[in-house]
Asker: 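There's a structure below that I have some questions on.
Quick caveat, the model's predicted, so the values are computed rather than measured. Atom set for the values below is all heavy atoms of this structure, side chains included, hydrogens, waters and symmetry mates excluded. Every number for a ligand or one of its atoms is a count from 1 in the order of the listing.
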Amino acid sequence: MKHQVRDLHEYFQIRELAEQQPEKFWTAIAETFEWTKKWDNILDYDLKKADVKWFEGGELNITENCIDRHIEKRGDQVAIIFEPNDPSEKEQRITYNELAEQVNRMANVLCQEGVEKGDRVCVYLPMIPELAYTVLACARIGAIHSVVFAGFSASALASRINDASCKMVVTADGGFRGDKTIDLKGIVNKALEDTSSVERTLVVRRTGADVHMENGRDEWLSEKLEKANSFFAPEKMDSEDPLFILYTSGSTGKPKGMVHTTAGYMVYAAYSFQNVFQYEADDVYWCTADIGWITGHTYIVYGPLLNGATTVMFEGVPSYPDFDRFWQIVEKYEINQFYTAPTAIRSLAKQGAEHVEKHDLSSLKVLGTVGEPINEEAWNWYHHHVGQERCPIVDTWWQTETGGIMIAPIPFTTPTKATYASFPLPGVQPALLDEEGDEIGDNVVSGNLCIKFPWPGMARTIWNNHQRYIDTYFARYPGYYFTGDAALRDPAGYYRITGRVDDVIIVSGHNLGTAPIENVINEHQNVAESAIVGYSHEVKGNALYGYITLKNELSEEEQDHLRNEINGLIADHVGPIAKLSKMQFTSSLPKTRSGKIMRRILRKIAAGELDQLGDTSTLLNPECVEEIIENRV
Ligand code: 7RM
């Protein structure tokens, strides 16, 4: 595969070229795909209006690029390995030939059931092969998929269905997750009481649970698939036709339906996958994310398949049946590239290295992380125990909105540095801006992370709300895309993403970012994790409330001692102004599925607004909220 960066010198050369002649750079990459009609215009944009168009005039279907074009060369190669939740259930190895057949059948079923180009299809499925088939079948028809994580509540599901006026829901009778089953069909039934756009739901049999099927609306999928024709002519899509909507919950307000379009997303997903993971023929690649999250869209489905790779889809969780599940899977399939989240690394590290040491991980070549800043301790553990100090770690910074990885080391090329996402991919132009909106040119600085030139993978709008798209990302710094993250740049030009900009609290008139204070706390040997929020304070305006999880249990006396030590550390390393007014030790912090701490909830608890916690169903661990409320200080 072309356009792979091979050494640091070449990296800087290519980056320079991409900056000087972005159109030429992206054209060369776009040329490597199948188009039914080539584009007339490479790029047209006005960032102030958040108006960006790539490869206009082009016509293509992304599934021809994910599937059809691989058939001749690698029809019998495995495209997807499905590893079930329960290790005693046999895996499925789905070749490119089989994937083609399944996706075509599914496309025919969707079409028969009334789905047309441009319609929205809500996909509420567990991590089973039908999820990939459905997503790709939508793309083949030209319908817009909206995947909702199978675990979100009925109300979260209903609001997403309503926002996009989905015509169809594809779901399952239930899902397996660790030792639990989830009643997906029951949740869908409840959600559909509050929606009016859905005409048909198609249901996959997975758990065999006895579920209510609404007459005239709900149909089992399997019989229909068997009868369906195994060829469906791919719909010709315009480059800028929407491919999917994916909801991302902002810190406040209702979730934003980020819209990604066909050609630009395709080019960027394929390009970033190839460069960041250095996938080679016959490798087996595994990303542990869920397809309900952007990481799953881009780096389980589209990126790997566009590159003709073998990609693993895992239905279960890292702790079932035991804490060595990830490493057992790595050994079983001889995984070469492994991509996960810092939260998973930290929670597995907590269980001890013996779970890792039980398994042969010598196949691993590249390790990746995504979702939040990775602290040094977790980075070192990952490097030492999983990568055996042999595998480069790619700390990949990106967002739902960016479509694909933006800042990350190129393995075997960029020297890695713990906690640094390092350099932008060629074609990505980051900038750090100060509060006044001026670019900070020097290195060794911190600022608000912006991107100053369009890239093909960027979201084009928020579904039904272009103004909100402009206001959120393009208004604060006109002419730039504002990420909402803060970052540092070191003397070598390496970026370190420090956290969300809105995680800033004004205490007695001083602007305090919570991330640096948390980092200091996390360095303490007894501390596993921490999150700081502000609450209003008579004298200081705001004061700091820290929620801290400990590595092991401590007596009351030891806890008091620790409180003093923590504030002592903060005073020494940040300043006395940043000392915590309240500290609560808790067994866990509320997290999203991708490992992000839900500060919104912690803020409400600190403020005592216990009746305003909002939707907690999107949490990985909703049960921890009660414990935190009970012990609030
Ligand atoms: C891919 C994804 C996006 C937010 C982003 C950051 C944080 C993601 C990293 C990171 C530090 C990283 N999409 N984030 N990756 N922070 N280092 N490598 O996570 O839309 O769900 O979240 O996640 O704050 O803005 S997302």
Asker: Applying ring pair (Phe, Tyr, Trp, His ring centres under 6.0 Å) as the test, list every pair that has at least one member in residues 394-415; sequence neighbours left out.
Answerer: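 Residue pairs with at least one partner in residues 394-415: Tyr299-Trp398.
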
Asker: For a quick check: using heavy atoms under 4.0 Å, what are the residues in contact with ligand 1, sorted by chain and number?
Answerer: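 Only Trp293, Ile294, Thr295, Val370, Gly371, Glu372, Pro373, Asp395, Thr396, Trp397, Trp398, Gln399, Thr400, Asp485, Ile497, Arg500, Lys596 have heavy atoms that fall under 4.0 Å of ligand 1, ordered by chain and number.
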
Asker: Determine, stepwise, if the pair Asp438 / Leu433 fulfils side-chain contact (heavy atoms from CB on, under 4.5 Å).
Answerer: CA-CA 5 Å; Asp438 292 324; Leu433 270 68; over 6 Å; no

Asker: Give a yes or no on whether a salt bridge exists between Glu529 and Lys591, defined as a side-chain N under 4.0 angstrom from a carboxylate O.
Answerer: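 So Glu529 pairs with Lys591 through a salt bridge.
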
Asker: Under 6.0 Å between ring centres: does that hold for Phe12 and Phe423?
Answerer: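 Close enough - the centres of the two rings lie under 6.0 Å apart.
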
Asker: Applying the side chain to side chain donor-acceptor pair (under 3.5 Å) criterion to Asn375, which one of Glu523, Arg346, Glu518 satisfies it?
Answerer: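 Answer after filtering Glu523, Arg346, Glu518: Arg346.
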
Asker: For Tyr285 and Phe273, I'd like to know if the aromatic rings sit close, meaning centre-to-centre distance below 6.0 Å.
Answerer: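 Tyr285 vs Phe273: aromatic centres under 6.0 Å.
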
